[in-house]
Amino acid sequence: GVFLWGERWLDDMLDLLEVILDPALVRPRAVDVSAVAERDHCIVYTDASGAGWIGMILIDLRSGGPRLWASVRVPAWFTKVVSGDTMTAISQYELLGHLAADLTFEHLLTGRAVYHFGDNTSAIAAVVHGTSGKPAMARLANMVCMVSARNHTRKFYEYCKTHANPSDCPSRPRPSLSSPPTPEELLAAADWDRKYKADWDSVMPFLVQLPTAQVILPTQAQWEQPSLFYKGK
């Protein structure tokens with residue numbers, strides 16, 4: 001793998017402790033125990049494809065709240081620094097999707113209960129436990145937990161089957177066509193229509209697309225020093 005247990009991880013632990021113990025950076029969490037008549041939580045779905053796409057959906061259950069979807073390609077730097085093992089790679093993409101959704105929808109999730117659904121058990125287990133036996137997964141899980149703590153969100157994670165996960169649609173966007181399209185592009189588009197168009201048409205018209213430019217992914221600097229999620233706040 002690309003990570004080694006040892007001094008690097010001890011440095012990371014020290015960096016994190018310095019953040020957690022600094023009251024100027026980490027505020028005490030306040031929990032509202034009063035009765036709330038209106039549903040005030042958000043539902044988030046995330047998914048990723050082996051082709052390197054992340055899909056995310058947010059449903060805000062406040063009256064008149066938005067229903068958003070977004071799709072973004074996994075950044076090249078991320079693919080280079082994490083495991084290239086096929087099974088591990090997709091779990092890393094899925095967990096990156098968890099983090100991207102928390103960052104992208106941060107303005108809606110802060111201080112609220114969030115029910116997060118995903119179809120990858122490895123990613124869910126990592127965020128529930130806050131760590132993983134795979135170093136890159138552990139790092140991502142730590143980053144997700146830091147962002148949740150920073151934003152005082154109350155996260156609940158639940159598994160759903162792939163066919164019940166609507167974010168599977170934006171994680172597999174229709175191939176783009178050049179002008180004029182090449183025969184290969186036309187074949188790829190026809191294959192997408194055959195496999196995914198029916199699902200797309202049944203889910204996506206009820207949601208509003210968030211432009212890709214508004215999707216927030218972690219930077220490589222944050223990957224190398226996760227405490228920047230606090231220090232940069």
Side-chain angles (χ1 to χ4, degrees), residues 29 31-33 35-50 53-63 65-72 74 87-134 136-172 196 199-200 202-204 206-208 210 215-218 229:
R29 173 171 289 195
V31 179
D32 185 0
V33 296
V36 180
E38 183 184 19
R39 292 191 300 177
D40 192 46
H41 59 283
C42 291
I43 296 176
V44 173
Y45 292 90
T46 56
D47 201 3
S49 65
W53 284 90
I54 291 170
M56 60 187 78
I57 289 175
L58 174 134
I59 300 173
D60 188 334
L61 293 181
R62 283 178 177 168
S63 178
R67 299 186 173 199
L68 306 172
W69 72 270
S71 180
V72 67
V74 173
M87 293 301 295
T88 304
I90 186 61
S91 296
Q92 291 166 161
Y93 292 168
E94 295 266 6
L95 195 43
L96 179 64
H98 282 239
L99 180 58
D102 287 349
L103 294 172
T104 300
F105 301 134
E106 179 177 24
H107 60 295
L108 297 169
L109 303 181
T110 296
R112 300 175 67 185
V114 181
Y115 293 78
H116 193 135
F117 292 85
D119 57 23
N120 185 281
T121 54
S122 295
I124 294 173
V127 291
V128 167
H129 293 97
T131 188
S132 168
K134 302 286 187 181
M137 291 287 286
R139 198 171 193 80
L140 283 166
N142 183 245
M143 294 161 77
V144 170
C145 292
M146 289 185 72
V147 172
S148 294
R150 180 186 79 181
N151 296 335
H152 288 225
T153 52
R154 303 183 301 284
K155 298 292 289 290
F156 302 87
Y157 292 97
E158 187 59 75
Y159 170 79
C160 65
K161 293 184 177 181
T162 297
H163 294 301
N165 187 352
S167 61
D168 183 65
C169 290
S171 74
R172 306 176 191 274
Y196 306 118
D199 288 341
W200 185 282
S202 68
V203 172
M204 306 311 288
F206 302 98
L207 306 169
V208 176
L210 189 72
V215 176
I216 301 175
L217 291 163
F229 282 113

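What you are looking at is a predicted structure, and each value in this text was computed from that prediction instead of being measured. Starting from 1, each residue takes its place in the sequence as its number.
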Do Asn151 and Asp102 have side chains that approach each other closer than 4.5 Å (heavy atoms only, starting at C-beta)? no

Hey, is the main chain of Met56 close enough, under 3.5 Å, to the side chain of Ser167 for a donor-acceptor pair? no

For Leu61, is there any backbone N or O sitting under 3.5 Å from a side-chain donor or acceptor partner on Asp40? no

Test item: side-chain donor near acceptor, Thr110 and His152, under 3.5 Å: no

Counting distance only, does the side-chain N/O of Thr104 pair as donor-acceptor with the main-chain N or O of Val215 below 3.5 Å? no

Residue set satisfying ring-ring contact (aromatic ring centres under 6.0 Å, His included) with Trp53, at least two apart, ordered chain then number -> none

Going through the checks in order, is the side chain to side chain contact (heavy atoms under 4.5 Å, CB included) test met by Leu207 and Ile57? CA-CA 8 Å; Leu207 306 169; Ile57 289 175; 3.6 Å; yes

Is it true that Arg67 and Asp60 have a side-chain N and a carboxylate O under 4.0 angstrom from each other? no

Side chain Ser148, main chain Cys145, donor-acceptor under 3.5 Å: no

List the steps and the verdict of side chain to side chain contact (heavy atoms under 4.5 Å, CB included) for Val114 and His41. CA-CA 6 Å; Val114 181; His41 59 283; over 6 Å; no

Go through Phe229 and Leu99 one step at a time and tell me if the side chain to side chain contact (heavy atoms under 4.5 Å, CB included) criterion holds. CA-CA 11 Å; Phe229 282 113; Leu99 180 58; 4.3 Å; yes

For Phe156, the ring-ring contact (aromatic ring centres under 6.0 Å, His included) test, sequence neighbours excluded, returns Tyr115

Counting N and O atoms only, with roles assigned by atom type, does the side chain of Thr153 sit under 3.5 Å from a partner on the main chain of Leu109, one being a donor and the other an acceptor? no

Given side chain to side chain contact (heavy atoms under 4.5 Å, CB included), test Ser122 with Glu94 step by step and report yes or no. CA-CA 9 Å; Ser122 295; Glu94 295 266 6; over 6 Å; no

Evaluate the side-chain proximity of Leu210 to Phe105: yes if any heavy-atom separation is below 4.5 Å, no if none is. yes

Going by side-chain hydrogen bond (donor to acceptor under 3.5 Å, both in side chains), name the residues that satisfy it together with Tyr93, two or more places apart in sequence or in a different chain. Thr79

